[in-house]
Every structure is written in C-alpha cells, then in structure tokens.
Number of protein chains: 2
Amino acid sequence: METYEYDKRKCPTHASGEQCAKLLFPVKDALDVLSGKWKLQIILSLSFGKKRFKQIQREIPGLTPKVLSKELKDLEMNELVERHVYDTLPVSIEYELTNYGTTIKPLLGELHKWGSKHRKRIIARNGRKN
Amino acid sequence: METYEYDKRKCPTHASGEQCAKLLFPVKDALDVLSGKWKLQIILSLSFGKKRFKQIQREIPGLTPKVLSKELKDLEMNELVERHVYDTLPVSIEYELTNYGTTIKPLLGELHKWGSKHRKRIIARNGRKN
DNA sequence: GAAACCGCTATACTTTAGGAAACCACTATA
DNA sequence: TATAGTGGTTTCCTAAAGTATAGCGGTTTC
C-alpha cells in the first residue's frame, strides 16, 4: 500500500518555488499593463506607424469606438502611446507609439510567432475552418 | 476562430493596413488562449517542473482554488498542460506542461524581460514603492 | 442639400472574469 | 480527538469588459 510518503518522494518540495516567485512579479507587472483583448492588437497596429482613430478601428475587427477610446487612454497613461493633435480644420488626431512603446515589439514578435504555430495546429486539428 | 476580412475599400490609403491585418490574426489567436490574469503565470510556474494543485496555488498569490481549477481545465483543453493522476491513497495529482506547452517559454521570456524593465520604470517614476 | 466622413461621447444593457467563503471525502500528524 | 493537508466543487456576488445604438459639431464630397 502506498501512502503520502511515496508521493512526497515523487513530488519533493520544490526548490524552484522561491525562484519562481521572483520571476512571477515582473510577469505580473507586464500583464497588468498589457492584458486584455485589445491592447496588444492596438500596439501591433500602431507598430506600423502612426494612425488615426478610425483607421485603427477599421483595422481591428470588432473593436468599438467606446472600447478603443478607453484603451487608448490606458495606453497613453502608461506612456506607451502618444496622442498628437494637429491644428487643422477640423482638428486631426493621430496616435503613435512612444519610444517606450516600441520596446514591446520583441514581445509582440514572439506572440505572433507562437500564434501562427498555434493557428496551424488548431486548423490541422479541426480539419480546416475558414 | 473567426475569419478576418480586411476591407480594402474602406482603407485604401494605407499600404500597411493589409499587412497589419495579416499579423493581427495570429496575435488574436494567441490572445484567445493566453489572455487573462492567470494563465501565463500558471504556465510560468509549471515551467519549473510539474506541480500539484495546492503548490501552484501557494506560489501564485491571490489565486483562488476556483479560478485555478478553471484555468487548469482551459489549459488542458488547449493541450498546454497535462493532468496526471497517480494511484496512491489518496490519489495524488500533478500538472505538467506538455511539449506543446513548453513552446510558450520564449514568449514568457520576453514577457518577463519587458516586465522587469517596466517594473523599474514604474518604481523610478513613483519614487520607490515597495 | 443629402450623405458620409472625422473623433469621439453617452446611455443602457448583457456577459464574463474573478473574488470570498464554505464545504466535501479523504489521510496524516500530534 | 483535533488539526491540517490533499484536490478540488458550490454558491453567491461584484466589477470590469464588451455590445449596441445613437448623437454631436464640424467638414468635405456628390
């Protein structure tokens, strides 16, 4: 008969626990700023150059003006995006990644890479959808 | 998974628009699976080796059993995590990253890197917190 | 002069994510 | 016998996210 002893041997208390905790904090911080359905998509869109409100909205399907407006404000607050107001008539407005914002590109690159592989995997599994 | 239709008519001026749309698709797919407050943290925790339920819960502060239970199911469904049941008394259970799950590590690495820089930035800005 | 662009905001509603607490059957430890 | 640990589930609840639709003050295009 096997007891907890057995399984403690198989699952010793992990030396990694503390180390893991340390890595966890920065990941959490990043997630605080970037998580959600839209922010990374918006940043990706802006990584091609500055864009106007409607332009972003058109490029990201399903994104409503209310949500876009809010997300842009969040990104501005975190200094990832800048809002430029040009003195035309009527005023035209553009959103642009800050220098800091561009530091997310490598992360976005990885996300894209993984997403591509994942997509293929799903399509293969489902026997083609769209 | 949905089809992304990029409307050329509506965005004629922007050459990058179409290219952007193509990149957006995989990013969306990745986000579908990974977004949320906990999944990447759980994957990070498991990237140090297989762990038991309570062990994961202890390592990730604020994570309640209900949420952990749900997230693990989601991750299992997406074949990122495997659940092993060992025939002990009482049964002991371990969660482990699948091979596929480990393909997220590079992404996690970038997230951690960016998160670290971001953390420093915030602390500098706020004049030291915690 | 109508329609359609621009950059949003307002209102109202539904859905989902996540949190708090209790609880279950079981085993081990003191 | 009491307490704590195991791997969760159940219930109830709130806050945030998202959806839908309309509107405003302006301009440019047909």
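All figures in this text were calculated on a predicted structure; none of them were measured in a lab.
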Contacts of B/Ser35 and A/Glu94 projected onto DNA chain C by closest heavy atom; the upstream (5') one is A/Glu94
Tell me the interatomic distance from A/Ile56, atom CD1, to C/dG7, atom P, rounded to whole angstroms. 9 Å
Is the distance from OP1 or OP2 of C/dC6 to the nearest side-chain N or O of A/Arg58 less than 4.0 Å? yes
Could you tell me the separation between the CD atom of A/Gln57 and the P atom of C/dC8, rounded to a whole number of Å? 11 Å
Taken to the nearest whole Å, CG/A/Leu72 to P/C/dC8 is 8 Å
A/Arg52 CZ - C/dC5 C1' separation (whole Å): 10 Å
Give the angle between the helix axes at the two ends of the helix from C/dG1-D/dC30 to C/dA30-D/dT1, taking five base pairs at each end and rounding to 10°. 0°
At under 4.0 Å, does any side-chain N or O of A/Ser69 touch on OP1 or OP2 of C/dG7? no
Run the salt bridge (charged side-chain N to carboxylate O under 4.0 Å, His left out) test against B/Lys120 and tell me which residues pass, sequence neighbours left out. none
Cluster question for you: counting only ILVMFWY and a side-chain heavy-atom cut-off of under 4.5 Å, with indirect links fine, are B/Tyr95 and B/Met77 together? no
Could you state the atom-to-atom distance from CZ of B/Phe53 to P of D/dT9 in whole Å? 7 Å
When you check every protein heavy atom under 4.0 Å of nucleotides 13-22 of chain D, what one-letter string (B, S, -) results, 5' to 3'? ----SBBB--
Taken to the nearest whole Å, CG/B/Asp87 to P/C/dC26 is 16 Å
note: A/Gln55, atom CD; C/dG7, atom C1'; distance rounded to Å ~ 13 Å
Which pairs, with at least one residue in residues 64-75 of chain A and sequence neighbours excluded, count as a salt bridge (Lys or Arg N to Asp or Glu O under 4.0 Å)? A/Lys39-A/Glu71, A/Lys39-A/Asp74, A/Lys70-A/Asp74
Could you give all pairs that pass the side-chain hydrogen bond (donor to acceptor under 3.5 Å, both in side chains) test and reach residues 99-108 of chain A, with sequence neighbours left out? A/Tyr100-B/His118, A/Thr103-B/Trp114
Could you tell me which residues satisfy salt bridge (charged side-chain N to carboxylate O under 4.0 Å, His left out) with A/Asp32, sequence neighbours excluded, listed by chain and number? none
Which residues pass the salt bridge (charged side-chain N to carboxylate O under 4.0 Å, His left out) test with A/Lys28, not counting sequence neighbours? none
If you apply the rule side chain to side chain contact (heavy atoms under 4.5 Å, CB included), what do you find for B/Leu80 with B/Val33, and how did you get there? CA-CA 10 Å; B/Leu80 298 169; B/Val33 178; 3.7 Å; yes
Assert: residue with more 5' nearest nucleotide on DNA chain D, out of A/Lys54 and B/Lys54, is B/Lys54
Got a sec, which pairs hit salt bridge (Lys or Arg N to Asp or Glu O under 4.0 Å) with one end in residues 92-104 of chain A, sequence neighbours left out? A/Lys50-A/Glu94
Considering just the side-chain nitrogens and oxygens of B/Tyr86, establish if one lies under 4.0 Å of OP1 or OP2 belonging to D/dT6. no
Distance test, side-chain N/O of A/Lys73 to OP1/OP2 of C/dG7, below 4.0 Å: no
What residues, two or more places apart in sequence or in another chain, satisfy salt bridge (charged side-chain N to carboxylate O under 4.0 Å, His left out) together with B/Glu82? none
Expressed in angstrom and rounded to an integer, what is the separation of B/Leu68 atom CG from D/dG8 atom P? 8 Å
